[in-house]
Amino acid sequence: MINITFPDNSIKGFENIPTGMDVAISISEGFARNCVAMKINGQLFDLNQDIKKDTAISFITANDEEGLDILRHSSAHVMAEAVLNIYPDAKLTIGPVVEDGFYYDIDMDPISTDDLGAIEAEMKKIINAKNRFERKVVSKEQALEIFKDNPFKLELINELDETEEISLYRNGNFIDLCRGPHIPHTGMIKGFKLLKISGAYWRADQKREQLQRLYGISFFDKKKLNKYLHLIEEAKKRDHRKLGTRLDLYSFHDEAAGMPFFHARGMEIWNALLEYWRDEHRKAGYVETKTPVMLNRKLWEQSGHWENYRENMYTSMIDDEEYAIKPMNCPGGMLLYKTKAYSYRDLPVRAGEVGLVHRHELSGALSGLFRVRAFHQDDAHIFMTSDQIEDEVLGVLNLSQRIYSRFGLDFHLELSTRPKKSIGSDEQWEEATNGLKAALDKYGRKYFINEGDGAFYGPKIDIHIKDALGRTWQCGTVQLDMALPERFDLSYKGQDNEKHRPIMIHRVIYGSLERFFGILVEHFAGRFPLWMAPVQAILLPINQDLAGYAEKIKAELDTHRIRCEVDKRSETLKKKIRDAQLVYVPLIITIGDKEKETRTLSVRTLDGKVRMGLSMDEFVTSVSNHVKERILDDTIL
RNA sequence: GCCAAUGUAGCUCAGGUGGCAGAGCAGCUCACUCGUAAUGAGCAGGUCUACGGUUCGAAUCCGUACAUUGGCUCCA
């Protein structure tokens with residue numbers, strides 16, 4: 001008799017030794033069909049596994065995150081099997097689950113995306129066969145024998161801990177070395193798609209074999225797959241590199257790889273972003289500073305960048321002295337701090353700087369505005385006493401929230417703690433980390449902890465924003481820096497008339513203005529809220545005779561700082577409206593004889609609605625208010 | 001930096017196997033003067049990323065460089 005305890009503490013007895021599946025079926029057939037694996041003592045097992053003694057179990061179903069991971073892992077096996085069926089000489093290496101699907105690294109001749117269709121068709125066959133996944137435990141000798149033709153698997157087997165069980169999984173004719181668990185049978189993969197191929201190295205080591213990495217995604221139901229594919233399509237449509245060209249915002253040139261050129265319209269958005277930033281920072285008690293772009297090597301040696309970051313820095317010889325273009329603003333900020341003597345009464349000092357920094361990123365890492373070599377950081381350095389840490393960090397979190405929510409961006413927080421390689425004493429780290437934790441607790445939002453992921457000079461909080469498509473981006477960061485104040489011998493006079501070392505926070509909210517800009521383009525899909533829109537209103541005279549009158553209206557709107565243009569082309573009204581809509585001008589104003597006679601405006605918004613007979617005053621007032629309040633919602637009138 | 005793919009007009013893209021470079025949009029000109037998502041006709045626009053090579057002949061084949069894209073790696 002085997003007694004199984006369920007999560008609700010109910011107990012069920014079984015005459016014979018049951019498998020996990022037997023237990024699931026005893027609950028109900030329908031439930032069993034939805035089950036993927038089971039969990040015993042926090043460990044995952046296959047459903048086909050026998051339960052030999054009394055125990056508590058819980059089931060992982062298709063609705064659980066863990067269930068989806070198992071499905072995708074199994075999908076990787078199916079893909080590998082399909083590849084082997086088509087390319088018998090291919091050698092498998094590893095096939096894990098990643099955040100967005102799964103992949104398998106395979107040693108084979110390069111293939112192209114055109115070949116994916118054939119692999120998918122082969123996978124389809126395997127899935128339709130509903131092959132069961134069977135687990136088998138073997139000795140190391142047996143494993144070495146089975147995989148004798150595969151040097152990668154041999155390497156893995158030889159590295160396994162002696163105490164560890166070596167398990168194989170078989171489905172159909174396919175056998176793979178694998179810890180498991182797997183779904184009961186391949187038929188559970190209801191929706192899958194192979195997405196892309198790329199090169200990867202065995203063990204991520206450039207000196208080792210170059211492998212083909214095949215990426216795929218799978219779901220328990222086809223609808224979810226379609227939803228996912230739709231999301232990818234949507235993201236492609238919003239691609240900031242394409243929209244940037246179409247909306248005439250920025251461009252890239254071979255003459256300066258990774259260094260964006262901002263066009264007039266892009267600059268309108270840029271300036272709107274910065275103005276907003278300045279407003280909020282002024283309110284939050286920051287001052288703004290500016291430091292040079294190029295500084296003497298000696299400074300970088302003092303800051304430690306020369307030692308740690310040199311390969312990413314651009315340098316230049318000037319009058320026999322070596323200079324480096326700043327990859328970060330902080331050393332300049334240190335010099336600024338040192339220009340005067342501080343009292344504890346002066347602290348905290350919150351010094352912002354929107355600094356242009358250059359980092360020589362690897363050529364292969366560049367990507368639109370998301371990864372560039374020249375960018376502006378909305379930096380700020382806060383110098384404070386140790387008992388101000390909590391309040392200051394909390395202040396940064398609140399400011400970040402205020403700014404992100406202005407764009408309709410949600411976010412989550414991650415705390416990174418002391419890494420293995422670090423400077424500073426245990427007490428310093430504890431004080432710093434506790435300060436961050438206290439601020440996080442007071443802030444009250446849930447946060448994740450990345451143990452050992454902090455910078456060598458201090459712990460940090462990273463802020464990850466979530467855009468309209470649900471994608472997350474790390475933008476903001478709040479880092480405590482215990483290195484620089486030391487290296488630059490910063491101090492302030494305490495109440496005790498003694499010199500003290502200030503604590504320093506290093507923080508950004510947009511992160512990189514360029515990158516944040518790119519994220520916003522995709523977040524808004526090019527339809528910026530009125531306060532950011534490069535052209536807020538376009539005037540469309542319905543015939544050439546009215547062009548002069550339209551110019552007069554524009555001049556008047558100019559005085560109210562409403563960004564507007566006149567489309568004087570000899571095109572039909574329909575055509576002009578279409579063109580304006582295609583570049584998302586929020587307010588389209590048609591000027592006809594009626595409007596001229598009554599001195600009113602007819603305004604069309606992007607939703608296609610038209611408001612006729614608006615007086616100039618009404619229009620200016622509501623637009624100005626909308627802009628001044630930086631309202632996200634695009635119901636303007 | 002590594003692997004792979006790509007690079008043709010301002011933009012988006014056609015141009016099997018080598019034989020005088022094409023379209024749509026945008027632009028310009030003319031006609032039309034229009035009431036809420038594309039009026040029509042015409043014109044102009046390219047050393048086919050760059051530099052080498054093969055060939056009687058190269059956008060096309062080969063090599064190198066540069067750039068872009070997807071990954072890898074990197075992002076103290």
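A, B, ... follow the sequence lines: proteins, then strands. Residue 1 opens every chain.
Residue A/L582 contributes atom CG, which lies 19 Å from atom P of B/G24 at whole-angstrom precision. Distance CG (A/D239) to C1' (B/U68): 12 Å, rounded to an integer number of Å. In this structure, A/L546 atom CG and B/C34 atom P are separated by 10 Å, rounded to whole Å. Protein atom CD of A/Q581 is 9 Å distant from nucleotide atom C1' of B/U36, rounded to whole Å. Whole-Å rounding puts the A/R373 CZ to B/C74 C1' distance at 12 Å. A/I538 places its CD1 atom 14 Å from the C1' atom of B/U36, with the value rounded to the nearest Å. One atom, CD1 of A/I106, and another, C1' of B/A4, lie 16 Å apart when rounded to the nearest Å. Rounded to whole Å, the distance from CZ on A/R569 to P on B/C28 is 9 Å.
At the heavy-atom level, A/N312 lies nowhere under 4.0 Å from the strands shown. Using a 4.0 Å heavy-atom criterion, one finds that A/R515 contacts no nucleic acid atom at all. Heavy atoms of A/E595 sit under 4.0 angstrom from at least one base atom. Across all strands shown, A/G368 has heavy atoms under 4.0 Å from sugar-phosphate atoms exclusively, and none from any base. Within 4.0 Å of A/G454, counting heavy atoms only, lies no atom of the nucleic acid at all. Counting any heavy atom pair closer than 4.0 Å across all strands shown, A/F252 reaches no nucleic acid atom. Contacts of A/K576 with the nucleic acid, taken as non-hydrogen atoms under 4.0 Å apart, are absent. Nucleic acid contact class of A/H253 (heavy atoms, under 4.0 Å, all strands): none. Looking at heavy-atom distances under 4.0 Å, A/R246 makes no contact with the nucleic acid at all. Counting non-hydrogen atoms under 4.0 angstrom, A/L366 reaches the backbone sugars and phosphates but no base.
Across B/C62 and B/G22, the matching C1' atoms stand 27 Å from one another, rounded to whole Å. Remark: the separation of the P atoms in B/C25 and B/A41 is 10 Å, to the nearest Å. Going from the C1' atom of B/G46 to that of B/C13 covers 14 Å, rounded to whole Å. Using P as the reference atom, B/A67 and B/U49 are 16 Å apart when rounded to the nearest Å. Straight-line distance between the P atoms of B/G40 and B/G35: roughly 16 Å, to the nearest whole Å. Straight-line distance between the C1' atoms of B/C74 and B/G19: roughly 48 Å, to the nearest whole Å. Here, B/U73 and B/A65 have their P atoms 24 Å apart, quoted to the whole Å. Distance check on atom C1': B/G10 versus B/C28 gives 14 Å, rounded to whole Å.
Shortest non-hydrogen contact noted between A/S316 and A/M294 is CB-CE, 3.8 Å.
Of the candidate nucleotides B/C32, B/U36, B/U68, B/C32 has the atom nearest to the side chain of A/S570. The side chain of A/Y457 has B/A76 as its nearest neighbour among B/A76, B/A37, B/U39. Here the side chain of A/K575 is nearest to one of B/U36, B/U68, B/U39, namely B/U39. Closest approach to the A/A257 side chain among B/A37, B/C72, B/A67 is made by B/A67 (side chain taken as heavy atoms from C-beta onward). In this structure, the nucleotide among B/U39, B/G35, B/A37 sitting nearest to the side chain of A/E571 is B/U39. Comparing atom distances between the A/S363 side chain and each of B/A37, B/A76, B/G1 picks out B/G1 as nearest. Side-chain proximity of A/N543 to the nucleotides B/U73, B/U33, B/C11 is greatest for B/U33. Each of B/G35, B/A37, B/U33 was ranked by its minimum atom distance to the side chain of A/T590; first place goes to B/G35. Comparing B/C74, B/C72, B/A76 by their closest approach to the side chain of A/R213 singles out B/C72. The side chain of A/E361 sits closest to B/C74 out of B/A37, B/C34, B/C74.
Side-chain contact of A/Y457 with A/R487: a donor-acceptor pair under 3.5 Å is absent, judged by distance alone. Side-chain N/O atoms of A/D176 and A/Y104 include a donor and acceptor closer than 3.5 Å. Inspection of the A/E514 and A/H376 side chains reveals an N or O donor paired with an N or O acceptor under 3.5 Å. A side-chain donor from one of A/H263 and A/D248 sits under 3.5 Å from a side-chain acceptor of the other. No side-chain donor from either of A/H73 and A/S75 sits under 3.5 Å from a side-chain acceptor of the other. One side chain, A/D467 or A/W473, offers a donor N or O that lies under 3.5 Å from an acceptor on the other.
Nucleotide B/C56 forms a Watson-Crick or G-U wobble pair with B/G19, both donor-acceptor distances falling under 3.5 Å. B/A31: Watson-Crick or G-U partner is B/U39, with both key distances under 3.5 Å. The partner of B/C25 is B/G10, by the rule that a Watson-Crick or G-U pair needs both atom distances under 3.5 Å. Nucleotide B/G45 is matched to nothing when pairs are restricted to Watson-Crick or G-U wobble geometry with both distances under 3.5 angstrom. In a base pair of the Watson-Crick type (N1 to N3 plus N6-O4 or O6-N4) or a G-U wobble (N1-O2 and O6-N3), with each distance short of 3.5 Å, B/A5 is matched with B/U68.
Side-chain N/O atoms of A/R604 include one lying less than 4.0 angstrom from OP1 or OP2 on B/A37. Phosphate proximity of B/G70 to A/Y103: absent, as no side-chain N or O sits under 4.0 Å from OP1 or OP2. Close to B/C72, at under 4.0 Å from its OP1 or OP2, lies no side-chain N or O of A/R203.
For the pair A/R72 and A/F102, the NZ or CZ position fails the cation-pi test of under 6.0 Å to the six-membered ring centre and within 45 degrees of the ring normal.
Judged by closest nucleotide on RNA chain B, A/T572 is the one of A/T572 and A/R241 placed further toward the 5' end. Residue whose closest nucleotide on RNA chain B sits further toward the 5' end, between A/A365 and A/V603: A/A365.
Side-chain atoms of A/R238 come within 3.5 Å of backbone N or O of A/E522 as a donor-acceptor pair.
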